[in-house]
*Asks:* 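To start, I am sharing the structure in question, which I have written as C-alpha cells.
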Amino acid sequence: MRLSRYFLPVLKETPSEAQIASHRLMLRAGMIQQASAGIYSWLPLGYKVLRRIEQIVHEEQIRAGHIPMLMPTVQSAELWRESGRYDDYGEEMLRISDRHGRDMLYGPTNEELITDIFRSHVRSYRDLPLTLYHIQWKFRDEIRPRFGVMRGREFLMKDGYNFDLTKEDALHAYNRHLVSYLRSYERMGLQAIPMRADGGPIGGDYTHEFLVLADTGESEVFYDSAVTDLSFGDRAIDYDDVEQCQGILEEFTSRYARTDETHDETLFADIPEDRRRSARGIEVGQIFYFGTKYSEPLGATVQGPDGQSTPVHMGSHGIGVSRLLGAIIEANHDDKGIIWPEGVTPFQCGIVNLKQGDAQADAACEDLYAALTGRGLEPLYDDRDERAGAKFASMDLIGLPWRITVGPRGLKAGVVELTSRRTGVSEELSPEVAVARVAEIYA
RNA sequence: CGGGGCGUGGCGCAGUCUGGUAGCGCACCUGUUUUGGGUACAGGGGGUCGUGAGUUCGAAUCUCGCCGCCCCGACCA
C-alpha cells in the first residue's frame with residue numbers, strides 16, 4: 001500500500017477523552033473513531049488488525065476441529081424467555097422492539113440460539129461430539145463504557161459451544177479449547193495466563209479466564225511466577241489425543257494463578273515467597289464447562305446407545321477479538337507509539353523514502369516495494385512529500401515492526417537501513433539483503 | 001445509578017468569574033524556502049461557541065430545561 005493512496009488519519013495531538021495508552025494510540029494512529037459511547041467505527045488500519053486477529057482465531061479453532069458458522073446479532077426474546085435469562089440478564093441487555101411490537105434484543109451472547117439450532121437438528125449420540133463457533137458482534141449495554149475498545153458496548157467476540165454425550169467428552173472439549181486458546185494468543189505475541197475464575201452470569205463452576213498482564217488491566221491477579229515461564233512454542237499437538245490435551249491443561253493450570261474473585265490467601269501463602277506475584281490483568285478470553293444448565297431447560301437432548309433420551313453436556317468459550325487489540329497495544333507500546341507483534345501487524349514492513357521526488361530514491365523504493373510484494377508481504381510505502389521527521393514519527397506511531405529507510409546518502413553507498421521498531425536497532429544493508437531479511441522474519 | 005468535570009473551526013485549548021458580537025497552537029489551501037527525526041517565512045479558507053427557552057439595548061459569557069462526552073464508584077469480557 002502506498003500511503004498517499006491510503007486513508008490513515010493520524011493525529012499529532014491526543015484527543016482528550018482517551019485515558020489509557022491503547023485507547024490514546026488507537027485514536028492517534030487512525031485505527032478507530034468513536035461513534036457514540038462504547039461504540040466505534042473501525043478505520044482501515046484498525047480494521048486490518050482486527051481481521052488479522054480474527055483470522056488467527058479462525059485458523060486455530062479450525063485446527064482444533066471446531067466448526068465455524070454465523071448467527072445473527074438481533075435475536076427474538078422468545079428463546080430467552082424459555083431459558084429464563086430474559087429477566088435474569090438485566091439492564092445490560094439491549095432490548096428493542098420491532099414494528100409489530102415484538103420483543104427483540106441485540107445479542108450479548110448466543111447460548112440460546114445455538115442450543116435451538118442444536119435441538120432442531122441433532123437427535124443421536126452418533127452426531128456427537130460437536131463444537132460450533134462463530135465470530136460475531138455482541139452488544140452489552142455497559143453502565144459505563146471506557147478505555148476505548150477494551151470496554152466497549154459493541155464488541156467483536158468469538159464464542160463457541162461444544163455438545164458432548166458425557167461429562168468426560170465435554171471436559172476433553174474444554175481442554176481442546178484451552179490448548180487452542182494458548183496457541184492463538186501466542187501467535188498474537190501475547191502471553192495470556194489461564195487463571196481459575198468465577199462463573200459469572202454464563203454460569204458453570206468449571207472455568208478459566210485468560211489474562212494478559214498489564215498495569216491497566218481491570219482485574220487484580222495473583223500468581224506463582226513460574227506460570228510466566230511457560231510457553232507453548234511450536235510443539236506438535238493432536239487434538240484428538242485426550243491425554244495430551246489433559247497434560248497440557250495440567251502443565252498450564254497446576255500452578256497457582258487466580259483473579260481476585262477466587263483468590264485464596266491460604267493457598268497463595270504456600271507458594272515460595274520469591275515467586276509470589278500480584279499484578280493487574282486484562283481478560284481476553286474465558287472457557288466454561290456448564291454441564292446441562294442450558295440443554296435441560298431448552299430440551300437439547302440426544303438418544304444414547306441405550307435408546308434413552310439424555311441432555312447433552314455443554315460448554316462455551318469466548319475470545320474477546322476486538323478487545324484483544326487494546327490488550328496487545330497495552331502490552332506492546334512505548335512513548336512513540338504502538339509496537340505490533342509480527343503476527344498481527346497491519347503491514348509487515350514500512351518503507352520510508354527520505355527524499356520523495358529524487359529519482360534514485362524513488363526508484364529504489366519502488367524496487368523494494370515490488371520485491372517485498374513479490375515475497376508475499378504487504379509493505380506500507382510512505383511516498384508522501386513530507387520531511388523525514390514527519391515520516392519517522394508516523395511510522396513509529398502506527399508501529400510496524402520493521403522499517404526500511406531509503407535516502408540518497410545511503411544509496412550512494414549502495415545501502416538502505418533496516419530498523420526494528422521494538423529495539424530501535426538499525427542495520428545498513430543492500431536492498432536485496434534487506435528484503436531477504438524481512439522475508440525470513442515472516443517466513 | 002451516586003459523586004465530579006467538560007461541550008468554543010478537523011485536533012488540543014484560551015476567552016465565561018467581571019455580558020459589548022471570537023482568539024491561539026497544530027492540521028488544511030497557495031507561494032517561497034528547507035531536506036536523514038514532526039523546517040522557516042508570507043498569504044489564505046474554515047466556527048449560528050452542544051441544544052432549546054428565558055433575562056438584557058446587547059449573551060460563548062447570566063438563569064432554567066434537555067442532549068452528548070469524560071473521570072471516580074458500584075457492575076462487567
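A quick note: this is a predicted structure, and the numbers were derived from the prediction, not measured. In what follows, chains carry the letters A, B, and so on, assigned in the order in which the sequence lines appear, proteins first and then strands, with residues in each chain numbered from 1.
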*Asks:* Can you find a pair of side-chain heavy atoms, one from A:P341 and one from A:T345, that are under 4.5 Å apart?
*Replies:*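 No, too far: nothing below the 4.5 Å cut-off.
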*Asks:* In a check of ring pair (Phe, Tyr, Trp, His ring centres under 6.0 Å) between A:Y181 and each of A:F210, A:Y133, A:Y174, A:F252, which one passes?
*Replies:*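 When ring pair (Phe, Tyr, Trp, His ring centres under 6.0 Å) is applied between A:Y181 and each of A:F210, A:Y133, A:Y174, A:F252, only A:F210 qualifies.
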*Asks:* OP1 or OP2 of B:C70 less than 4.0 angstrom from a side-chain nitrogen or oxygen of A:Q34, does that happen here?
*Replies:*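 Looking at the OP1 and OP2 atoms of B:C70, one of them is under 4.0 Å from a side-chain N or O of A:Q34.
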*Asks:* Under 4.0 Å, heavy atoms only, any strand: does A:E17 hit a base, just the sugar-phosphate, or nothing?
*Replies:*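 Touches sugar-phosphate only.
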*Asks:* What interatomic distance, in whole Å, is found between P of B:U34 and the corresponding atom of B:C49?
*Replies:*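 The same atom, P, in both gives a distance of 44 Å.
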*Asks:* Select base, sugar-phosphate, or nothing to describe what A:G152 touches, counting heavy atoms under 4.0 Å on all strands.
*Replies:*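 Here A:G152 touches the bases of the nucleic acid.
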*Asks:* Have a look at A:M150 and say if it touches a base, only the backbone sugar-phosphate, or nothing, with a 4.0 Å heavy-atom cut-off.
*Replies:*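 It contacts base atoms.
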*Asks:* Hey, is the side chain of A:S16 poking within less than 4.0 Å of OP1 or OP2 on B:C70, counting only N and O atoms?
*Replies:*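 Indeed not, no polar side-chain atom of A:S16 lies that close.
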*Asks:* For residues A:V406 and A:L368, determine if any side-chain heavy atom of one lies less than 4.5 Å from a side-chain heavy atom of the other.
*Replies:*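 Yes, their side chains come closer than 4.5 Å.
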*Asks:* Summarise how protein sits on nucleotides 36-46 of chain B as a single string, 5' to 3': B when a protein heavy atom is under 4.0 Å from the base, S for sugar-phosphate-only contact, - for no contact.
*Replies:* BBBB-------
*Asks:* Using the side-chain heavy atoms of A:R144, tell me which of these nucleotides is nearest: B:A77, B:G73, B:C70.
*Replies:*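 Nearest listed nucleotide: B:G73.
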*Asks:* Looking at A:Y294, A:Y86, A:Y89, A:Y106, which hits ring pair (Phe, Tyr, Trp, His ring centres under 6.0 Å) with A:W80?
*Replies:*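 Single pass found, and it is A:Y89.
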*Asks:* I'd like to know if the side chain of A:H172 and the backbone of A:Y239 have a donor-acceptor N/O pair within less than 3.5 Å.
*Replies:*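 Yes, A:H172 side chain to A:Y239 backbone: donor-acceptor pair under 3.5 Å.
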*Asks:* Let me know the distance between NE2 of A:H23 and C1' of B:C71, rounded to the nearest Å.
*Replies:*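 Whole-Å distance recorded here is 13 Å.
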*Asks:* Counting only side-chain heavy atoms from C-beta out, which of B:G12, B:C1, B:A77 sits nearest to A:E13?
*Replies:*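 The answer is B:G12.
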*Asks:* With hydrogens left out and only the distance checked, is there a donor-acceptor pair under 3.5 Å joining A:R146's side chain and the base of B:C69?
*Replies:*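 Such a pair does not exist between side chain and base.
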*Asks:* Please give the distance between the C1' atoms of B:U63 and B:G4 as a whole number of Å.
*Replies:*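 After rounding to an integer number of Å, I get 22 Å for this pair.
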*Asks:* Check if the side chain of A:R151 and the base of B:C76 share a donor-acceptor pair of N or O atoms closer than 3.5 Å.
*Replies:*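 Counting by modelled atom types and ignoring angles, a donor-acceptor contact under 3.5 Å is found here.
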*Asks:* Under a 3.5 Å cut-off for both contacts, is B:U63 paired Watson-Crick or G-U wobble with anything, and if yes, with which nucleotide?
*Replies:*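 Its partner is B:A53 (Watson-Crick or G-U wobble, both distances under 3.5 Å).
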*Asks:* What integer number of Å spans the P atoms of B:G5 and B:G44?
*Replies:*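 Taking atom P in both B:G5 and B:G44, they lie 42 Å apart.
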*Asks:* Need to verify one output field. Residue with the more 5' nearest nucleotide on RNA chain B, A:E154 or A:P15?
*Replies:*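 The residue whose closest nucleotide sits nearer the 5' end is A:P15.
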*Asks:* Compare the minimum distances between each of B:G12, B:C71, B:A77 and the side chain of A:Q19, then state the nucleotide with the smallest one.
*Replies:*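 Closest nucleotide to the A:Q19 side chain: B:C71.
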